[in-house]
Amino acid sequence: MFGFRKRRARDGADERQGLLARLRERLARTRGGLGGGLAALLRGRGVDEEVLEEIEARLLLADVGVTATTELVDALRRSRPRSGDEVVAVLRERMLEILAPCARPLEIPDEAHPFTILTVGVNGVGKTTTIGKLARRLRDEGLGVLLAAGDTFRAAAVEQLQAWGERNGVPVVAQGTGADAASVIHDAMTAAKARGIDVVVADTAGRLHTKHNLMEELRKIRRVMARLDPGAPHEVLLVLDATTGQNALAQARRFHDAVGVTGIALTKLDGTARGGIVLAIARELALPIRFIGIGEGAEDLRPFDAEAFVDAILDPGGEGEAVADG
Ligand SMILES: Nc1nc2c(ncn2[C@@H]2O[C@H](COP(=O)(O)OP(=O)(O)OP(=O)(O)O)[C@@H](O)[C@H]2O)c(=O)[nH]1
Ligand SMILES: [Mg+2]
């Protein structure tokens with residue numbers, strides 16, 4: 001009995017190592033600009049003003065944003081690091097201070113029946129894909145999930161969500177293209193209640209945050225949901241695309257003003273050197289970062305873990321990796 005438990009614990013540790021390694025691999029481009037680049041920059045010289053300016057430029061290039069970059073560089077200036085390791089240690093500590101308040105995982109309490117998640121965001125940021133991955137994650141945790149095909153605008157949107165539903169064995173409630181999105185989501189909530197489903201995740205059509213009438217439509221969806229359950233939507237999950245850089249902040253502000261965002265999923269952190277946007281989001285918006293997307297596969301959605309993230313973008317660690325790609 002004891003042996004079994006010990007093996008389980010080790011399997012858990014191995015699995016965590018595997019997850020961290022994959023995160024590192026997927027964030028290689030951001031790390032190339034920050035951590036990996038730092039090691040090369042500091043080789044054989046002290047941390048003078050010129051080095052600080054270079055670090056500042058790299059942080060800005062990685063989309064860390066002016067406010068957080070200034071804070072990080074000021075911290076370096078004050079602590080007078082004498083080696084690359086010390087620079088990394090100071091940055092690590094400060095970055096964690098910035099990120100920690102935002103690393104609040106999505107919790108699904110037992111009381112909400114069903115717990116409803118309304119997914120919103122600009123066109124093409126990864127809403128539907130995130131919903132598909134999330135459905136898989138929730139299902140694996142033993143929760144009953146139902147998806148609502150609330151993107152009734154784009155022609156192939158319903159089929160795309162249905163494909164994710166089939167892949168994960170999760171039911172999808174849909175009407176045709178052109179149907180009223182609020183009515184689809186209403187139907188889904190009613191069906192979920194009748195079937196004792198735990199979580200409803202609703203897709204919506206991509207919309208530009210600057211289009212007033214489209215934001216008004218989201219407000220209507222909100223109202224319809226609240227009529228069925230005063231607590232709904234329990235989560236308004238805003239999906240942001242990391243490759244859009246600082247524009248993501250503008251999107252977040254507009255969506256938050258319109259529908260009250262309660263959590264952020266930040267996608268496409270793989271393959272971009274602009275992963276520092278996570279720090280800008282944490283610094284500029286007091287919103288929980290629930291998930292990060294690091295690939296297109298079903299297992300590529302991760303709860304946001306500040307420590308794992310900072311280590312993955314900063315740690316020059318790995319052998320001979322230094323300045324991988326630019
Ligand atoms: N590399 C990468 N690609 C992603 C990630 N998330 C989504 N994508 C890709 O981004 C593209 C758009 O994703 P969708 O889920 O269709 O985006 P959407 O927001 O639903 O788009 P609309 O419904 O048209 O507004 C697809 O090709 C996805 O595979 C991610 O974390 N990493
Ligand atoms: Mg979509």
Side-chain angles (χ1 to χ4, degrees), residues 19 22-30 63 117-137 147-168 170 172-179 181 184-185 188 201-211 214-215 217-218 221 236-245 247-248 251-252 254-255 258-259 261 263-275 277-278 281 289-305 308-309 312-313 325:
L19 287 171
R22 195 181 176 93
L23 181 68
R24 258 184 83 81
E25 175 203 315
R26 295 299 169 87
L27 293 173
R29 293 204 58 203
T30 297
D63 254 315
I117 302 173
L118 179 64
T119 314
V120 301
V122 166
N123 312 71
V125 289
K127 292 177 295 299
T128 308
T129 309
T130 298
I131 292 169
K133 297 171 180 172
L134 182 59
R136 154 84 163 261
R137 182 168 269 284
L147 304 180
D151 180 353
T152 53
F153 181 73
R154 193 163 57 80
V158 173
E159 288 82 356
Q160 190 190 356
L161 195 71
Q162 274 164 340
W164 275 104
E166 268 162 40
R167 217 173 298 154
N168 296 322
V170 163
V172 178
V173 167
Q175 296 172 17
T177 303
V184 174
I185 295 170
V201 192
D203 197 7
T204 60
R207 67 199 68 226
L208 219 50
H209 52 298
T210 49
K211 289 269 174 18
L214 297 181
M215 298 308 264
E217 187 191 66
L218 280 185
I221 293 176
V236 177
L237 187 67
L238 172 67
V239 181
L240 297 173
D241 173 342
T243 64
T244 60
N247 186 260
Q251 294 171 22
R254 293 290 190 102
F255 274 95
V259 280
V261 172
I264 289 174
L266 187 65
T267 63
K268 309 189 196 179
L269 277 163
D270 54 307
T272 177
R274 311 173 88 178
I277 189 66
V278 175
I281 288 172
I289 301 172
R290 306 289 197 198
F291 300 101
I292 57 171
I294 55 165
E296 292 180 279
E299 65 297 340
D300 291 328
L301 185 74
R302 300 280 181 85
F304 177 61
D305 173 338
F309 182 83
I313 62 166
D325 47 347

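All ligand and atom numbering here is 1-based and tracks the order in the structure.
- With sequence neighbours left out, R136 forms a side chain to side chain contact (heavy atoms under 4.5 Å, CB included) with R139, D140, N168, A298.
- At distances below 3.5 Å, at least one donor-acceptor pair connects side-chain atoms of R302 with backbone N or O atoms of L19.
- Under a 3.5 Å cut-off, the side chain of T152 and the backbone N or O of G178 do not form any donor-acceptor pair.
- With a cut-off of 2.8 Å, the protein N/O/S atoms near the Mg ion (ligand 2) add up to 1.
- Note that the CG atom of D300 and the CD1 atom of I294 stand 5.5 Å from one another [nearest 0.5 Å].
- Rounding to the nearest 0.5 Å gives a distance of 9.0 Å between CD1 of I131 and CD1 of I117.
- When atom types are taken as modelled, the side chain of T204 and the backbone of G150 share no donor-acceptor pair closer than 3.5 angstrom.
- Contact shell of ligand 1 (protein heavy atoms, cutoff 4.0 Å): N123, G124, V125, G126, K127, T128, T129, K133, D151, R154, Q160, G206, T267, K268, D270, G293, I294, G295, E296.
- Residues passing the side chain to side chain contact (heavy atoms under 4.5 Å, CB included) test with A265 are T130, L237, V239, F291, sequence neighbours excluded.
- Between atom OG1 of residue T30 and atom CG of residue D63 there is a gap of 9.5 Å, rounded to the nearest 0.5 Å.
- For the side-chain contact (heavy atoms from CB on, under 4.5 Å) test with F255, the passing option among V120, L240, I264 is V120; the others fail.
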